[in-house]
2 protein chains.
Amino acid sequence: MSLKLLAATLNLSITTVSRALDGYGDVAPATRDRVMAAAEAMQYRPNAAARRLRRGSTEVVSLVLPTGPGRFDEPLYLELMSVMGERFAERGYDLTLLAAPPGPDEMKTYRRLVEGRRADGLIVVRTRRQDPRIAYLLGTKMPFVVMGRSDTPGLYPFVDGDGEAAFAAATRDLAALGHRHIAHLAAPAALTYATLRRAGYERAMDELGLPRQVVECDADEQAARAACSELLAGAAPPTAILCATDRMALGVLRAARERGLSVPADLSVVGHDNLPAGAYSDPPLSTMELPLAETGDLLARMLLARIGGAPPDDTMQAIIPIRAVPRGSVAPPR
Amino acid sequence: MSLKLLAATLNLSITTVSRALDGYGDVAPATRDRVMAAAEAMQYRPNAAARRLRRGSTEVVSLVLPTGPGRFDEPLYLELMSVMGERFAERGYDLTLLAAPPGPDEMKTYRRLVEGRRADGLIVVRTRRQDPRIAYLLGTKMPFVVMGRSDTPGLYPFVDGDGEAAFAAATRDLAALGHRHIAHLAAPAALTYATLRRAGYERAMDELGLPRQVVECDADEQAARAACSELLAGAAPPTAILCATDRMALGVLRAARERGLSVPADLSVVGHDNLPAGAYSDPPLSTMELPLAETGDLLARMLLARIGGAPPDDTMQAIIPIRAVPRGSVAPPR
DNA sequence: ACCGGTCTCCAAAACGTTTTGGATTATACG
DNA sequence: CGTATAATCCAAAACGTTTTGGAGACCGGT
């Protein structure tokens, strides 16, 4: 009962009050001022539900976090949300966070969002090469943006770090230090980033004429620890390991310590993500970092454009450079 | 146009369809089944905005994250959100996350939520001893729950870890190992948890008849590093430092290394929060942990009760025990 | 004095749901 | 058989906003 009440105290129609507040040219400057003043004085706040019903939009943007228990590579997403939230707030959108562990129920969450019109736009993160979420969303009218890439065909906005180039560069850097046995600890190939990073490593190794050595395991420190132990026990143990993620690199650090190897003297280790934990590991982990502020900014901008009706085109596909974060876990080989 | 459409195809009134779907006793079992089947077949999803408008509730619960750039003690809040989100989803509520750096604009975010009826309930985290957010919310009808305690007077639901008892116990544990010079690195006293933890330390030291040694600094690793350097350079350097947070403890670890001290041989260090980074530090950080699953569960339950109309009473105030997480940064003194 | 145009303003419809207050019919009971 | 009761159903109002399609007043030009 609030536009109504405001209108009554001003002896104006609801229409006029509404249009005055929305800044239409339709209303005399004098009355506009009067309305503004009264709205301010009465602390008028438009009812969000009514506006949404009438306009048919929700003023909500959702991010579904593919989170399970005990994950801790999520500070990344929090930082992302922080900057995106600000962008969206500027435009009157609320950012809603849902947690949906990947699995059979994951799609239900997305369907609920889309079919129930619970959001005006979606942000998809942690992409897979074949990503059913993207495939589904492409078949709907729901605007969405993707952080990361996918092989799922179709035209949709995305922002991703150039993992291929970054891992090629990191490989060359290690080689320049004198390393000849450089191994790559790859994340499961179903994840797009894993494939790209691996490709970067492989391309660089080929160009350098060095023998590839790739082991693939789950992207957590336990699996990496086990995989690394195996690697180090092999016939030609590497002098440097390039890991797909920091979590894996932390597992490698642990495995090295368990085998009595000293990092970086006996083994150089490089990760990716710039996790806080890496800054405090022993030794501090050399890693790489996607500029999250820029990424979030771009994603927010793209999604707002899509919601505003802009069709997706290839200007909405950004691949941004990854920054190296050198620390103490890299050195020339013995 | 959906209840209407559904009703039309069924040759029923909107009223009947609505009541059938909501399970009122008002409608014949046969028609109810017919309606259910049709709703399923037509993929009917009630329009959230319309329902909210009519019911006057938003089905949204908000958590305002007091986040700034570069913070990384937030995994805690993410984990909390993850378990709370599940509880809320069960009851049809969406959990919305807003980021509002503490400061003059912080209250604006809260006012927007309350006055714009943008949420049915709020979760307040990172409490301060004098907390304007709580003071403000107590003056409104908005249900809210608090993670942490505050001196702000009034009756409101909260869940907090028993930091006082935990720090007293940690102090006694260090003394039992033989430490006599135990210092406490305290966080700013404006934060409730800082005061409680300090009180626990001081009580235990008094009971043990040992001399207190407290230094207060900001709750980040830089400040802790500086404060710790000072402490170690003093006349009677401690053999153990009990830190209010893990971030501070990580700063202490770094300060000790810089001064050539070995942890834990020369200096024992204990923190609180069980940050992931602590598990990978050198040495691994002994710390303490608030059971987040239990905390989130309680908070969600309380908030749902409050939203349901239950008045706040002292059964809605829980102080839960903090679990010790012993790792490698504690040892008897030389 | 009349006409077209520009300024202001407004009544009413619409968004999709829930809920109120019956209306109609069937059932039970005396 | 009449009537009270229960079982089903429904029309219409209401939630608070935006938007459509004018209406009335005033102006300048003829």
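- For C/dT18, the base has a donor-acceptor partner in the side chain of B/Arg54 [N/O atoms by modelled type, under 3.5 angstrom].
- Candidate nucleotides C/dT18, C/dG16, C/dC15 were compared by shortest atom distance to the side chain of B/Lys4, and C/dC15 ranks first.
- In B/Arg45, the CZ atom is crowded: over 12 heavy atoms of neighbouring residues, nucleotides or ligands sit closer than 6.0 Å.
- Within the structure, every side-chain polar atom (N or O) of B/Tyr24 is placed at least 4.0 Å from both OP1 and OP2 of C/dT18.
- Remark on DNA chain D: of its neighbouring residues B/Arg55 and B/Val27, the 5'-side contact belongs to B/Val27, judged by nearest-heavy-atom nucleotide.
- For the pair A/Ser13 and C/dC10, the criterion of a side-chain N or O lying under 4.0 Å from OP1 or OP2 is met.
- A sub-4.0 Å separation between OP1 or OP2 of D/dG16 and a side-chain N or O of A/Ser2 is absent.
- Listed nucleotides: C/dT8, C/dT18, C/dC10. Nearest to the side chain of B/Asp22: C/dT18.
- At C/dT18, one or more side-chain N or O atoms of B/Ser18 fall inside 4.0 Å of OP1 or OP2 (strictly under the cut-off).
- Here C/dT17 is the nucleotide among D/dG16, C/dA11, C/dT17 with the atom lying nearest to any side-chain atom of B/Ile14.
- Among the nucleotides C/dC9, D/dC10, D/dG16, the one closest to the side chain of A/Ala28 is C/dC9.
- Taking the C1' atoms of five terminal pairs at each end of the helix from C/dA1-D/dT30 to C/dG30-D/dC1, the two resulting helix axes are inclined by 60°, rounded to 10°.
- Summarising the geometry, the separation between CZ on B/Arg34 and C1' on D/dT8 is reported as 13 Å, rounded to the nearest angstrom.
- Considering only side-chain atoms of A/Ala50, the nucleotide from D/dC9, D/dG16, C/dC9 that sits closest is D/dG16.
- Side-chain N/O atoms of B/Asp120 and B/Thr58 include a donor and acceptor closer than 3.5 Å.
- Position along DNA chain D of the nearest nucleotide to A/Arg51 versus B/Asp26 favours B/Asp26 as the more 5'-ward residue.
- For the pair B/Leu53 CG and C/dC15 P, the interatomic distance rounds to 14 Å; values are reported in whole Å.
- With sequence neighbours excluded, no residue forms a side chain to side chain donor-acceptor pair (under 3.5 Å) with B/Thr109.
- Between the side chains of A/Thr15 and A/Ser18, not a single donor N or O lies within less than 3.5 Å of an accepting N or O.
- The distance from the CZ atom of B/Arg111 to the CD atom of B/Glu106 is 11.0 Å, given to the nearest 0.5 Å.
- Side-chain atoms of A/Thr15 lie closest to D/dT20 of the nucleotides C/dA13, C/dT8, D/dT20.
- Phosphate contact (OP1/OP2 of C/dT17, side-chain N/O of B/Tyr44, threshold under 4.0 Å): present.
- For B/Arg19, the side-chain atoms get nearest to C/dT20 when compared with the rest of C/dG16, C/dT20, C/dC10.
- Regarding B/Leu3, its CG atom lies at a distance of 15 Å from the C1' atom of D/dA11, rounded to whole Å.
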Quiz prompt | Check against side chain to side chain contact (heavy atoms under 4.5 Å, CB included), B/Asp94 and B/Phe88 | solution = CA-CA 7 Å; B/Asp94 286 344; B/Phe88 287 125; over 6 Å; no

Exercise. Could you walk me through whether B/Arg91 and B/Glu59 pass salt bridge (Lys or Arg N to Asp or Glu O under 4.0 Å), step by step?
Key: CA-CA 9 Å; B/Arg91 299 276 293 266; B/Glu59 295 176 328; over 6 Å; no

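- The distance between atom CG of A/Leu12 and atom P of C/dA11, rounded to the nearest whole Å, is 10 Å.
- Here B/Leu78 contributes atom CG and A/Tyr77 contributes atom OH; the two are 11.0 Å apart, rounded to the nearest 0.5 Å.
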